[in-house]
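For the single chain, residues carry numbers from 1 onward in sequence order. Computation of the quantities below employed the complete heavy-atom set of this structure, encompassing side-chain atoms and omitting hydrogens, waters and symmetry-equivalent molecules.
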Amino acid sequence: MDTPATRPDRGRPWYVIGLANFAIVAALSVVSWWVLADPRWSPLGVYPLPFNASLFWAILFIVFVGFNCEFAGFNRVRQPLRGGLLMVTAAAFGIAVTWILGSGLGRLMPDFDAHRAGGSGYFTGALFVLFAFFAYVMVVLNWEHWPWPQLGLRQPVTGLCDIAFIFIPTLLIYLIWGLPAMAAHPTGYAPMTINVVLGYFYALVVATILTGLCAENLPWSTAGSGGRTALAATVGNILLGSGLYFALLGVCKLLIGTGTTQALGDAIHQFPAQLGVCWNFWIILWANAFGNWPTKRGRVTNIAARILITFGLGVATFLAYYYWIAGNLLHEPVVAGALHGNALGFLDWAVLWTLFYVVGFESYGLPAAADTLPEPVDSTQEQFATTG
């Protein structure tokens, strides 16, 4: 019989580790918000811009380094230095790109000028990240880096090819749909208002992350290997995301009520993104901190359960954020009716802290969940193996 001193450490249950990760991420997000971004308490005065712009670019840096390049170079550094190095470089990248676009390019192109009213010049530059989230995350989660592994390339070359070759179509999408919606001097050629751009394209991001993490790349992977999967994922995510845009828009209108919906006007069309970021936060956290439970039932059951769980948690987070957290805890201003804040700010901040702590630091300081530990070897079998 095992004694307490000799019994193998079987880890903690998956939900205990998940809740511990959530508590740490929530605490880090709120406390750092008070220091850096809080419109009432922070001495920096960067809410909502350029704070949100730097935040978006920092997340894109994590996508480049962690998703596309799979932490090539960083994985040679031991924890916790690895996580700290990732944080510092991501923050530096986010701040540097925001400054270069706002104070550098902004001097040549008024669309990006840091001195535009309300910080909209910063937002014009950061809007590129919205389209990049869709493209660069899809290349990893759905395309599985196609075609570079099939050509024999390895990391970090595979990731660098992702970044270089996907930049051109991403930039074209930004120039067609993004930049005209935020132009300093509107020309009348914008295909969508900025609110529709935010809501619609973020719905595509939700579709990509949902199918890539919750659904394990189904149904796109059934199309065949390589380019077939990539094509199916691209077309499929656009179609699914388009449907999600209207579905999430309807859910948002139901959640906030007719009066607030009318008060928001055209801004209601960006609310699929506001609800979507709450959902994405839980999809990412569920996959990385909660072990993407369930994993041991039928595949359809696993996927359906993950979608329902993460969506339910996303809706609860949306309501808690807009009706209490944003106004009372984060001191953000009123939007309309009883709504406060902008979930694309704080919830993306929480996503960034999830990527920092759970992914970058690998939940440093927490024990492994029981399901992630190797099965213990029976002592008699181990003795037999070494002597027989």
Side-chain angles (χ1 to χ4, degrees), residues 52-53 55-64 66-68 123 126-144 162-163 166-167 169-174 176-178 181 192 194-218 220 230 232-249 251-252 269-288 306-307 310-311 313-315 317-318 342-352 354-355 359:
N52 284 353
L55 162 62
F56 299 155
W57 286 111
I59 296 177
L60 184 59
F61 178 84
I62 301 296
V63 171
F64 285 161
F67 284 54
N68 297 112
F123 185 76
L127 186 60
F128 173 85
V129 178
L130 173 64
F131 308 100
F133 282 165
F134 170 56
Y136 285 107
V137 172
M138 181 171 62
V139 166
V140 178
L141 294 184
N142 302 134
W143 291 21
E144 298 176 339
D162 282 349
I163 295 169
I166 296 300
F167 175 78
T170 304
L171 179 62
L172 288 175
I173 295 172
Y174 168 74
I176 294 171
W177 277 281
M192 300 178 180
I194 185 58
N195 292 309
V196 176
V197 167
L198 289 173
Y200 177 76
F201 281 96
Y202 200 91
L204 303 188
V205 176
V206 174
T208 301
I209 296 177
L210 182 69
T211 56
L213 294 180
C214 283
E216 303 172 9
N217 207 23
L218 286 176
W220 322 136
T234 304
V235 176
N237 281 327
I238 292 173
L239 294 176
L240 176 59
S242 299
L244 282 175
Y245 168 74
F246 292 104
L248 294 177
L249 181 61
V251 172
C252 288
H269 292 101
Q270 71 167 263
F271 268 69
Q274 307 289 343
L275 178 55
V277 72
C278 297
W279 193 3
N280 271 345
F281 167 75
W282 280 106
I283 294 173
I284 295 168
L285 189 69
W286 200 258
N288 290 283
R306 293 170 196 155
I307 292 173
T310 55
F311 180 70
L313 290 170
V315 170
T317 301
F318 175 88
N342 176 2
L344 288 173
F346 180 75
L347 264 296
D348 266 327
W349 184 237
V351 167
L352 181 60
T354 300
L355 297 175
V359 180

> Between F201 and F134, is the gap from one ring center to the other below 6.0 Å?
Replying inline: no

>> Can you pull out every salt bridge (Lys or Arg N to Asp or Glu O under 4.0 Å) where at least one residue sits in residues 131-144? Sequence neighbours excluded, please.
In response: none

> Is the F131 ring parallel, tilted or perpendicular to the Y174 ring (thresholds 30°, 60°)?
Replying inline: perpendicular

> Can you tell if the side chain of V63 reaches within under 4.5 Å of the side chain of N68, non-hydrogen atoms only?
Replying inline: yes

>> Ignoring hydrogens, what is the shortest heavy-atom contact between A203 and G241? Give both atom names and the distance.
In response: CB-O, 3.3 Å

> So do the side chains of L285 and L313 get within less than 4.5 Å of each other, counting heavy atoms only?
Replying inline: no

>> Can you tell me how far apart CE (M138) and CG (N217) are? Round to the nearest 0.5 Å.
In response: 11.0 Å

> For the residue pair A343 and C278, what are the closest heavy atoms and their distance?
Replying inline: CB-SG, 4.3 Å

> Yes or no on side-chain contact (heavy atoms from CB on, under 4.5 Å) for L141 and T211, after CA distance, side-chain angles and deciding distance?
Replying inline: CA-CA 8 Å; L141 294 184; T211 56; over 6 Å; no

>> Would H269 and Y200 count as a side-chain contact (heavy atoms from CB on, under 4.5 Å) here? Give the steps.
In response: CA-CA 8 Å; H269 292 101; Y200 177 76; over 6 Å; no

>> Would you say that F311 contacts L248 through its side chain, given a criterion of any heavy-atom pair below 4.5 Å between the two side chains?
In response: yes

>> Any heavy-atom pair between the side chains of F133 and I209 that's under 4.5 Å?
In response: no

>> On a heavy-atom basis, which atom in A132 and which in L60 lie closest, and how many Å separate them?
In response: CB-CD1, 3.7 Å

> Is there a donor-acceptor pair under 3.5 Å between the side chain of N195 and the backbone N or O of Q270?
Replying inline: no

>> Restricting to side-chain hydrogen bond (donor to acceptor under 3.5 Å, both in side chains), what partner residues turn up for T234, sequence neighbours left out?
In response: W143

>> Please identify which of these residues, F67, F64, F61, meets the ring-ring contact (aromatic ring centres under 6.0 Å, His included) condition with Y136.
In response: F64

>> side-chain contact (heavy atoms from CB on, under 4.5 Å), that's the test. Do L213 and W286 meet it? Break it down for me.
In response: CA-CA 9 Å; L213 294 180; W286 200 258; over 6 Å; no

> Between I307 and C214, which heavy-atom pair has the shortest distance, and what is it?
Replying inline: CG1-CB, 4.1 Å

> Is there side-chain contact between L352 and I59, with at least one heavy-atom pair below 4.5 Å?
Replying inline: yes

> Would you call the rings of F271 and F318 parallel, tilted or perpendicular, where under 30° means parallel and over 60° means perpendicular?
Replying inline: perpendicular

>> Minimum heavy-atom separation for A135 and I166, please, with both atom names.
In response: CB-CG2, 3.5 Å

> Are N52 and L344 side-chain neighbours, meaning at least one heavy-atom pair lies under 4.5 Å?
Replying inline: no

> Got a second to check how far N288's CG is from I283's CD1, nearest 0.5 Å?
Replying inline: 11.5 Å

> Only one of L275, N280, L244 forms a side-chain contact (heavy atoms from CB on, under 4.5 Å) with Y202, so which one is it?
Replying inline: N280

> Taking the side chain as C-beta and beyond, is there a heavy-atom pair between V137 and V205 under 4.5 Å?
Replying inline: no

> What's the verdict on side-chain contact (heavy atoms from CB on, under 4.5 Å) for V359 and T354, showing C-alpha distance, side-chain angles and the deciding distance?
Replying inline: CA-CA 7 Å; V359 180; T354 300; 5.5 Å; no

> If you round to the nearest 0.5 Å, how far is CD1 of I163 from OG1 of T170?
Replying inline: 11.0 Å

> Any side-chain heavy-atom pair from L130 and V197 closer than 4.5 angstrom?
Replying inline: yes

>> Return the CH2 to CD1 distance between W177 and I194, rounded to the nearest 0.5 Å.
In response: 14.0 Å

>> Using every non-hydrogen atom in the two residues, find where A273 and L198 come nearest and quote the distance to one decimal.
In response: CB-O, 3.4 Å

